Amino acid sequence: PLMGTASADKTARIWGVDSGRCLTLYTGHTGSVNAIAFHPTQDLVLTASGDASAHIWKAAPILPESVLSGTHQIILL
């Protein structure tokens, strides 16, 4: 299971519920991220921001070793 968070630091994150680790970090907005939603059947995420934009992006969770080294993958659609 996964959980998403939106933040005033202009990022959205996808977390592994079981591990408690950040699996994906999205940094595409220039304003605070106010909302996050998951597509029900595909690996797509929608984020909405105070910068007056909404982004749809492909969730690409990464291995915990990459999270620890600071490497993150995001694919914009």
Side-chain angles (χ1 to χ4, degrees):
L2 301 174
M3 179 179 77
T5 58
S7 178
D9 71 359
K10 304 175 187 174
T11 67
R13 296 173 193 258
I14 298 174
W15 301 85
V17 172
D18 294 334
S19 69
R21 293 183 184 262
C22 177
L23 303 176
T24 304
L25 171 66
Y26 181 73
T27 59
H29 289 286
T30 59
S32 63
V33 181
N34 302 319
I36 185 169
F38 292 95
H39 189 282
T41 60
Q42 297 181 33
D43 293 335
L44 297 175
V45 180
L46 169 73
T47 48
S49 171
D51 64 11
S53 72
H55 295 182
I56 298 173
W57 43 280
K58 183 167 178 63
I62 54 175
L63 300 174
E65 299 83 39
S66 297
V67 172
L68 295 175
S69 71
T71 303
H72 303 283
Q73 295 178 336
I74 297 296
I75 301 170
L76 285 176
L77 298 176

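No experiment lies behind these values; they were computed from the predicted model shown.
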Would the distance check show the side chain of His39 and the main-chain N or O of Thr41 forming a donor-acceptor pair, the cut-off being under 3.5 Å? yes
What orientation do His55 and His29 show, parallel under 30°, tilted 30 to 60°, or perpendicular over 60°? parallel
Under a single-linkage definition using a 4.5 Å side-chain heavy-atom cutoff for Ile, Leu, Val, Met, Phe, Trp and Tyr, are Leu25 and Trp15 assigned to the same hydrophobic cluster? no
Distance-minimising heavy-atom pair for Ala8 and Ser32: CA-CB, 3.5 Å
Exercise: identify the closest heavy-atom pair between Gly16 and Leu2: CA-CD2, 4.3 Å
For Ser49, enumerate each residue passing the side-chain hydrogen bond (donor to acceptor under 3.5 Å, both in side chains) test, keeping only those at least two apart in sequence or located in another chain. Asp51
Here the gap from Lys10 atom NZ to Thr27 atom OG1, rounded to the nearest 0.5 Å, amounts to 11.0 Å
Rounded distance (nearest 0.5 Å) linking atom CG of Leu23 with atom CZ of Arg21: 9.5 Å
Assigning hydrophobic clusters by single linkage (Ile, Leu, Val, Met, Phe, Trp, Tyr; side-chain heavy-atom cutoff under 4.5 Å), is Trp57 placed with Phe38? yes
Residues passing the side-chain hydrogen bond (donor to acceptor under 3.5 Å, both in side chains) test with Asp43, sequence neighbours excluded, are none
Which residues satisfy the side chain to side chain contact (heavy atoms under 4.5 Å, CB included) test with Pro1, sequence neighbours excluded? Val17, Asp18
Partner set under side-chain hydrogen bond (donor to acceptor under 3.5 Å, both in side chains) for Asp9, not counting sequence neighbours: Ser7, Thr11
Looking at Ala59 and Ile14, what are the two nearest heavy atoms and their distance? CB-CD1, 3.7 Å
Would you say that Tyr26 contacts Val45 through its side chain, given a criterion of any heavy-atom pair below 4.5 Å between the two side chains? no
Tell me the closest heavy-atom pair linking Thr47 and Ala12, and the distance in Å. CG2-CB, 3.7 Å
Which atom of Asn34 lies closest to which atom of Gly50, heavy atoms considered: ND2-N, 3.1 Å
